[in-house]
Amino acid sequence: MELKKLFQMQRALDSHIEEKHELENEDLFDKKVLALLVEIGELANETRCFKFWSVKPSSPKDVVLEEFVDGVHFILSLGLECGFDQKSIAINDQDSARSVTEQFLHVYESINHFQKNKAFDDYVELVESYLKLSSLLGFTNEDIEKAYFAKNEVNYQRQQNNY
């Protein structure tokens, strides 16, 4: 995955939003963490992986992918907050035996560790755990990049329309 390009695009979007809303001098880290947690919850809701009481299937793949990419935006934004876009991020693609539900819980745990420590290793673990979730959901890196580009454009349009 082209993280450098995604970081560049995210930096431009973040700068645009911060300028528009006069947030250049604000510490947005915790708000971005909470936004990420909410987005992951929305993603889980679309997958319905935890809804043992329901027979209704998951939302269509494109809907789930769009929700997944919302999380990518905030993960990148958090990496920018910590200056991690300047570091080399090697992603470990080791398989795990986790179910989708277990992987969602692991992602939440990774976010919590990162939020407390703001350490690079914890950030890499967050990225890895989120990408493992994408794999379990059936998304390729190409799917994610394409959807990120599309959603990034939507986010700019929303800002222009005073979203």
Side-chain angles (χ1 to χ4, degrees), residues 1-3 5-18 20-21 23 26-51 54 56-82 84-85 89 91 98-118 122-159 161-163:
M1 184 172 302
E2 287 291 324
L3 285 179
K5 178 161 179 66
L6 298 182
F7 271 127
Q8 290 171 345
M9 291 177 69
Q10 190 64 46
R11 179 183 301 285
L13 178 61
D14 286 357
S15 293
H16 178 78
I17 291 169
E18 290 170 19
K20 179 174 178 150
H21 297 279
L23 299 168
E26 297 286 324
D27 180 359
L28 300 174
F29 185 84
D30 285 342
K31 288 181 180 182
K32 290 178 182 183
V33 168
L34 181 56
L36 176 58
L37 291 167
V38 169
E39 292 298 342
I40 305 257
E42 290 176 3
L43 173 61
N45 200 44
E46 294 297 340
T47 70
R48 302 182 61 80
C49 65
F50 64 95
K51 295 188 176 189
S54 176
K56 186 177 174 185
S58 172
S59 294
K61 189 173 180 176
D62 63 319
V63 172
V64 175
L65 179 57
E66 184 174 344
E67 289 296 339
F68 181 86
V69 168
D70 287 343
V72 172
H73 275 85
F74 285 106
I75 289 171
L76 291 169
S77 189
L78 286 164
L80 289 167
E81 289 273 333
C82 295
F84 297 154
D85 60 312
I89 299 175
I91 303 301
R98 291 187 184 107
S99 69
V100 173
T101 299
E102 291 167 332
Q103 191 63 33
F104 268 108
L105 293 171
H106 183 71
V107 168
Y108 275 117
E109 185 179 309
S110 298
I111 295 167
N112 189 35
H113 284 270
F114 173 61
Q115 191 261 337
K116 287 179 183 175
N117 303 319
K118 295 182 184 176
D122 291 328
Y123 182 73
V124 171
E125 173 58 30
L126 167 57
V127 172
E128 287 177 351
S129 68
Y130 202 58
L131 290 178
K132 178 57 184 171
L133 179 61
S134 74
S135 177
L136 290 171
L137 295 174
F139 303 131
T140 65
N141 287 345
E142 293 78 26
D143 294 334
I144 296 165
E145 286 181 2
K146 185 177 176 184
Y148 177 87
F149 298 150
K151 188 62 184 263
N152 191 272
E153 193 171 309
V154 168
N155 287 338
Y156 272 110
Q157 290 169 354
R158 288 178 171 173
Q159 288 302 308
N161 295 326
N162 294 320
Y163 175 75

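No experiment lies behind these values; they were computed from the predicted model shown.
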Find out whether [X] and [Y] are in side-chain contact, i.e. whether some heavy atom of one side chain is under 4.5 Å from a heavy atom of the other.
| X | Y | answer |
| --- | --- | --- |
| Asn112 | Lys116 | yes |
| Asn45 | Lys51 | yes |
| Ile144 | Leu131 | yes |
| His73 | Val69 | yes |
| Leu136 | Lys132 | yes |

message: Checking Glu125 against His106: is there a side-chain donor and acceptor pair closer than 3.5 Å?
response: yes

Which atom names give the shortest non-hydrogen contact between [X] and [Y], and what distance separates them?
| X | Y | answer |
| --- | --- | --- |
| Ser77 | Lys32 | OG-NZ, 2.7 Å |
| Tyr123 | Leu78 | CE1-C, 4.3 Å |
| Ala44 | Phe104 | CA-CZ, 3.4 Å |
| Val64 | Ser58 | CG2-OG, 3.7 Å |
| Ile89 | Phe7 | CD1-CE1, 4.0 Å |

Starting at [atom1] of [X], measure out to [atom2] of [Y] and round the result to the nearest 0.5 Å.
| X | Y | atom1 | atom2 | result |
| --- | --- | --- | --- | --- |
| Leu137 | Glu46 | CG | CD | 11.5 Å |
| Glu26 | Glu18 | CD | CD | 9.5 Å |
| Leu28 | Glu81 | CG | CD | 5.5 Å |
| Leu65 | Lys151 | CG | NZ | 10.0 Å |
| Asn141 | Tyr148 | CG | OH | 14.5 Å |
| Asp70 | Glu42 | CG | CD | 7.0 Å |

task: Kindly say whether Glu67 contributes a backbone atom to a donor-acceptor pair with the side chain of Glu39 at under 3.5 angstrom?
output: no

task: Verify, without hydrogens or angle tests, whether Asp143 (side chain) and Thr140 (backbone) share a donor-acceptor contact under 3.5 angstrom.
output: yes

query: More than 12 foreign heavy atoms under 6.0 Å from NZ of Lys146: is that the case here?
result: no

- request: Verify the neighbour count for atom CD of Gln159: are there more than 12 heavy atoms of other residues, nucleotides or ligands below 6.0 Å?
  value: yes

query: Could Lys5 and Phe149 be counted as a cation-pi pair, given that NZ or CZ must be under 6.0 Å from the ring centre and within 45° of the axis?
result: yes

message: Could you walk me through whether Phe74 and Ile111 satisfy the side chain to side chain contact (heavy atoms under 4.5 Å, CB included) test, starting with their C-alpha distance in whole Å, then the side-chain angles of each, then the deciding distance to 0.1 Å, before giving a yes or no?
response: CA-CA 11 Å; Phe74 285 106; Ile111 295 167; over 6 Å; no

- prompt: Angle class for the Phe84/Phe114 ring planes (parallel below 30°, perpendicular above 60°, tilted otherwise)?
  reply: tilted

